[in-house]
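Structure record follows, encoded as structure tokens.
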Amino acid sequence: MAETKRKTRDDGSRQRSSSKKPKTSKKGKSADKAERRGPRLPNALRKELDRLNPRTADSDEEIGSDEEALGQDLYEYEEGLPEEESKKNRRFDPVDNLDYELPEDFEDENVSSDDDNEARNGGESEADDEVKEENDGRRIGEMPTQTVEGRRKKMNNVVVSEAYPESEYNPTRDMLEGEGALSIGDLLDPLQGKHGYSKLKKRVRILDKKSTPIQAPLPKPVQQRLERNAAYDKSKEELRKWEPIVKRNREAPTIYFDDDRDLGPSSVGTIASEFEPRTEFEKKMASLLYDDEVMDAHRKDGSRLLELNKVSAEDEKDRQNRIAKMRSLLFRHELKSKHIKNIKSKTYHRLLKKDKLKANSLQSQMDPEASKELAMKQEYERAKERMTLRHKGSSKWAKRIKERGLDVQDDGTRAAIAEQQHLHAQLTRKMNSMKDSDTSSNDTSDDDDVDVNSDDEDRASKLLEKAKEKTLKLLNEDNEVPNSGVLSLPFMNEAAAEEAKLALQEYESWANQLGDSGGGNPKVGRPSGRMVFNGKDAPESSKKTKSDNKNRSDNYYGDSDSDSEDDLEPISISQHGKYRSNELMKDANISPVLLHEDSENHKDSFFKQNTDGSVQDPGPQATHEVSIFASGTWRKMKNGNDANANANAKKSPAPLQSVELDQSVQEPVKDLDVDSDADSEGQMVDGVLSAVPEPSYELPSQEELIRQAFAADNVEDEFKKTKEDILNEENPEPEKPVLLPGWGQWTNIQKKKGIPSYMQIEHDSAKKKREEALKQRKDANLKHVIISEKPPNKKSQNLFTQSLPYPFTSKEVFEQSIRMPLGPEFNPASMVGALNRPEVVKKSGVIIKPIEFEEVNAYEKLEGHKKSGQKHKKNRKSKSNSNSGKNMTKLKTK
Amino acid sequence: MEDQTRLNSPCSRYLKRKESIRYCCPRLDFTPSGRYMMVGGHKGHLAIVDMKQMSLIKEFQVRETVRDVVFLHDETMFAAAQKKYPYIYNRDGTELHCLKEHGAALRLRYLEQHRLLASINEYGQLHYQDVTDGRMIGSYRTGFGRTDVMQVNRHNALLALGHSGGKVTMWSPTSSSAVIEMLCHKGPISAIAFHPTNRDLMATSGKEKKVKLWDMRNLKGPLQTLPGQAETLDFSQKGLLARGTGSFLQVLRDSSGTQKYEKYMTHPLVKGYQIEKVLFRPYEDVLCIGHSMGWSSILIPGSGNPNFDTWVANPFETPKQRREREVHSLLDKLPPETIMFDPTKIGTVKPPRKEKPTKEEKEAELEAALEVAKDIVPKKKTKGRSKPSKMKKKKQEIIANAKRPFLEQQMKEDEQMARKKQKGMEQVELPTSLQRFARKKVTI
């Protein structure tokens, strides 16, 4: 029989119950074992105990009483309640010394088994139970003391009395020596004989054998450092596997990023296959489309499809009806819109009517038959009107309105009445106007003929005569004022009268001037610029066009009085002419005589210029003479120049060729003249330039000769000077040392000593520096050459290599090496691509994916460009065949 | 007006002459293949002639002075310098552009590789215009007065201008001043020509009745000086040099291969004819002469390159090939910066800038100066002026003085650097949208 004694904390109310008696198990062996293991009491004590308590521990109470009886002599029983354990006012910190903690389940197991046993025993009091449970909860907390106990029992069974009770303030020696460790075995003891105990024990033994003391954890920074080191090593190792790939890529002359990318537009099939229904509708459709039945039917022969497609007759009817309805609706709508489209606004109709009328009237004017028809129609209407008097206001409605009085009516009615009356008046008045228009149209047709003819040269004089007659007639007749139309207005009358006067004057002056030539230009200008070809205006307009033509000085009218001079200076004269014509148009007051004189003056001046030019410029003379050979007409033409206008005018239409020749001969004169003008004063040397000795060359003037003779003299000096200037600009010449009298020294000393030596030295060094700089110039030894030393353009800096490339050590070798051209002209076609391939070949739009790991033989020899290129291609093909969906980029290298 | 004249040379042939009074002093130009010829009469007559078939492709009158004509990249387009402006026409005579910026151009040249149209106008202004995009690449005042002598060096695309002062200047579109100025003649320059294949050979003629041949590698002096005048000069592909003046034409040849040109053929035109321009036809033994009565062509045996490279210039080009070539040439277009005196330098290591010694050099210099200063032995002076304290002071002073210029320079450089940096800081300004995120400067 053994007892495990424990110190327990007791509540104030309870006395104490420290020892706990394990229940005697039925298995004898295990009980014996426990017995042997239990704390050994000295024999004397045992005896005493036996004596006192012969039945031994049936219950704790008894033992407890025994112990009490033992009194204070024994350590075990002398258990004063430690202060801190009384938990008074929580003055002491709760001790939680958890050196070792069994796993929870483990303990639970024990407890439960304990309980079971207790239940089985059933001989225990309820109070006992309570205590036990409490103990269970506290067991761990009590461990240290317990261990102390166990240890001591092992070491020696001698009870050592101590002066003070054992407590935290007075620990036992063992405790102080650090040997009072609680073994797991001790903890396991209570479980003896329970299920799985042996197993547990075995395990514990194994653990004991192997167990080593656990080191205290390292400080955190050290720990972290170690961790980092380990991580670094690890990652280094991991990265090392990339090395061959990276090396290969680095060494590759070209990297490709365009493999197995199909950037072309995907086919409809691919797009369709990738389609995923998202919206409600799409899902619905998909469910219908990919219905199992339908799919099955598709997969089979299709007869099932027909079955599925069956539509009932009613449905079909319905559908047809619906469609028919829709169609009819559409048709109606179409008709309606057509109708609406056809409706035109009132203004439209009004304008249309107007247009029609206009067209009719125009037609009538143009076409005699149509006019006749129109006349007939109008006549008919007039007759009808006269017969019916429909618009006279004799209708019932009109009469009624008249009876009621007009002022009572509303606006609409009044307007209607007015319109009727107007219509009536129009229809009755038509008679006169119709007659008028008829005559005028006849006139115009006649005049048109005349106009057409007037273009003809032969009839010019005839026309002139006619025009003259007509103008005279017109002027005479002018007094007859037209009764109707715009011209009948009073201010028009006045203007017409004035014009007539002016025209008369003009006519007279013209007549005087031109005399027999008969180019009378009676200027009867119409105030408005519009040309109307009717009887009155026809001659005028023809005149006008003629005069304009004259002014314009085209070659077209070869016979007009503006003649060859105009040909000389077509542009200026034409401008002039235009100006003139404008003036004529604007202002009739300027008399043509003046103008004529003006133009003559101009001509003269031009002519003078030209002749001057030909005299001045000896160069072109040769060309003149050359052209003499070419054309016989030249001399005549040249002579004719002086004679000018009249002669040519008499000749009338000169042959075109001659005119052209004239031009071609005259133009060089002019051009060269212009050139010489530009040069002449400014650049003497150029003047000399033009004066080249030539076979048919006139002697230049004395001055020019002198200039020519001495032209070359100063060329060299000048060049020297310019070179000096340029040199000075880059390296300015040092200033000569200057002495200020009285500065630095007394003047007399200055005089005596001259320039101080330091100044002299400075000057000399500067000079030397300059000379050295000049010597370094490329053109230092070239007397007649200046080579620009300007720093080259910044952009051109890019054309040079910035520094010596890697494998080269000397500049010369490198430069020699780049002499080999790379172009297709100098290399075989197989090499050109390789030589010129860029570092990175990438199709635009290809996304460069991150590098992917692959096994690479680091020592594999690099292959030739071409070969690898082929390989690359092959690879691509195979890859695209095998898995197109694979989205990885392998860096291919050459 | 068909006329036949005999050439007074042993291997003479009959020459064909075609002329028209309307042409009158025409300027001529060939496409690089020699298939098409452009004729621009002084009177404004423009014509394109197919020289293979001797047929007229288009002719028309512009009715004003035409001073020069030049084909652009191929026969489909050409430029004509007219009275006021140069114009660009297409083969059908449609006016495509009026290049007003050029002003009244006297001469036009087209730089094939760079696709630039260059012109010199009345006021001596040089214009370069990119014909592909119409940009004005450069417009420079030459400052040497009016000139109508302009030629392009096909090797480096520099433009050579001949001036009245006897100067020949060479221009690139990227620099506002002449790359090279050289005094070639005492009189005004009348013509310049460049050898098409031998890239170093240049011929110039002056009014002082001299023709000079120059080696561009050695500008010290002319290779050869020939007597006689030349209003116009031209090299053939095989290196024959034609010169014309008045109505007299001469062809020179370098028979010995030592660049000594001597007379090969002469050809007098009808007296009174003024030669305006002579031009060898590429890939044919034909010389075309533009003169006051039109243009003529004569045979000059051995002048043209007998073997044409179809990749370079194909006289039998089909329209398809032409289109293809047009695209290719457009892709191969060179930027204007590549025009420089020695284009073989492109791609070489950038010439080191000659300014600024390195830091070490500077230090070495300073050291040397200090050494010198330290070695100075002060004079022995009396009356306590050579006391050790004074001597020491003096020595320190000397050393300080020696250091001074270096320090000053250093300071100056630092200041410049600081200024530059500041400037840089100012320049780098964020776009307005990002400015609000920039940290504001703390004002002290």
Side-chain angles (χ1 to χ4, degrees), chain A residues 622-623 625-627 629-631 661 663-664 667-668 671 678-679 682-683 685-686 688-689 692-696 708 711-713 715-716 718-719 722-723 726 776 779 781-788 790-793 795-805 811 814-815 818-819 824-825, chain B residues 21-22 24-25 42-43 65 83 122 145-146 164-167 172 174-188 190 206-208 219-221 229 231 245-247 270-274 292-293 309 311-312 335-341 344-351 353-354:
Chain A
T623 56
E625 278 166 19
V626 170
S627 35
F629 293 115
S631 63
L661 197 95
Q663 247 180 337
S664 68
E667 254 177 38
D671 281 357
D679 297 348
Q683 291 166 331
V685 197
D686 278 2
V688 174
L689 210 159
V692 186
E694 273 167 358
S696 60
Q708 191 183 351
D713 268 13
V715 163
E716 271 179 58
E718 261 175 33
F719 190 81
T722 51
K723 187 167 179 179
I726 287 169
Q776 276 181 352
D779 54 7
N781 298 324
L782 306 169
K783 207 172 152 194
H784 293 317
V785 179
I786 304 170
I787 296 174
S788 170
K790 267 194 179 173
N793 193 354
K795 270 187 188 166
S796 65
Q797 292 290 325
N798 298 335
L799 299 171
F800 294 99
T801 315
Q802 296 299 320
S803 58
L804 205 60
K811 200 178 142 192
F814 168 65
E815 278 169 13
I818 61 165
R819 276 193 169 181
E825 294 89 354
Chain B
I21 194 162
R22 285 168 295 171
C24 186
C25 302
H42 199 266
K43 289 284 134 47
T65 320
K83 193 177 174 187
E122 283 186 326
R146 176 193 171 106
S164 56
K167 239 191 284 188
S172 88
T174 48
S175 79
S176 59
S177 62
V179 177
I180 286 180
E181 285 174 40
M182 52 193 290
L183 187 67
C184 293
H185 289 271
K186 291 195 170 177
S190 59
K207 295 276 188 194
E208 89 278 24
L219 298 172
K220 259 191 177 166
Q229 191 146 15
E231 285 296 301
T245 178
S247 57
V270 177
K271 197 177 176 214
Y273 281 28
Q274 296 291 304
S292 52
M293 294 306 291
D309 181 352
W311 292 108
V312 176
E337 299 92 57
T338 54
I339 299 179
M340 54 180 77
F341 184 63
T344 57
K345 281 276 177 288
I346 290 173
T348 59
V349 178
K350 198 159 75 175
R353 287 167 156 190
K354 58 180 175 181

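Just so it is clear: chains get the letters A, B, ... in the order the sequence lines come, proteins before strands, and each one is counted from 1.
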### Under 4.5 Å from any heavy atom of chain A - which part of B:Thr338
both

#### Entry: Region of A:Lys795 that comes under 4.5 Å of a non-hydrogen atom in chain B
both

### Task
Find the one option among B:Val312, B:Thr344, B:Thr174 whose heavy-atom pairs under 4.5 Å with chain A are most numerous.
B:Thr174

### Query
Looking at residues at least two apart in the chain, or sitting in another chain, which of them share a ring-ring contact (aromatic ring centres under 6.0 Å, His included) with A:Phe719?
none

### A:Glu825: side-chain hydrogen bond (donor to acceptor under 3.5 Å, both in side chains) partners, not counting sequence neighbours
none

### Query
Looking at OG of A:Ser796 and CD1 of B:Ile339, how far apart are the two atoms once the value is rounded to the nearest 0.5 Å?
11.5 Å

### Summary
Applying a strict 4.5 Å limit to non-hydrogen atoms, the region of B:Lys345 in contact with chain A is both

### Query
Can you name the closest pair of heavy atoms from A:Asn781 and B:Lys220 and give their distance?
O-CE, 3.9 Å

### Query
At their closest point, which heavy atom of B:Lys186 faces which heavy atom of A:Val715, and how far apart are they?
O-CG2, 3.3 Å

### Message
Please report the interatomic distance NZ(B:Lys350) to CG(A:Asn798), rounded to the nearest 0.5 Å.
### Response
8.0 Å

## Note on the structure
Turns out that what part of B:Ser175 lies under 4.5 Å from chain A's heavy atoms comes down to neither

### Query
Where do A:Ser788 and B:Ala178 come nearest, in terms of heavy atoms and distance?
CB-O, 3.2 Å

### Query
Considering only heavy atoms, which portion of A:Ile818 lies under 4.5 Å from any heavy atom of chain B: side chain, backbone, both, or neither?
side chain

### Message
Return the CG to CD distance between A:Asp779 and B:Glu181, rounded to the nearest 0.5 Å.
### Response
10.0 Å

### Message
Please identify, among B:Val349, B:Leu219, B:Ile180, B:Val179, the residue contributing the most non-hydrogen atom pairs under 4.5 Å to chain A.
### Response
B:Val349

### Summary
Most contact-rich option vs chain B, by heavy-atom pairs under 4.5 angstrom, among A:His784, A:Lys783, A:Glu718, is A:His784

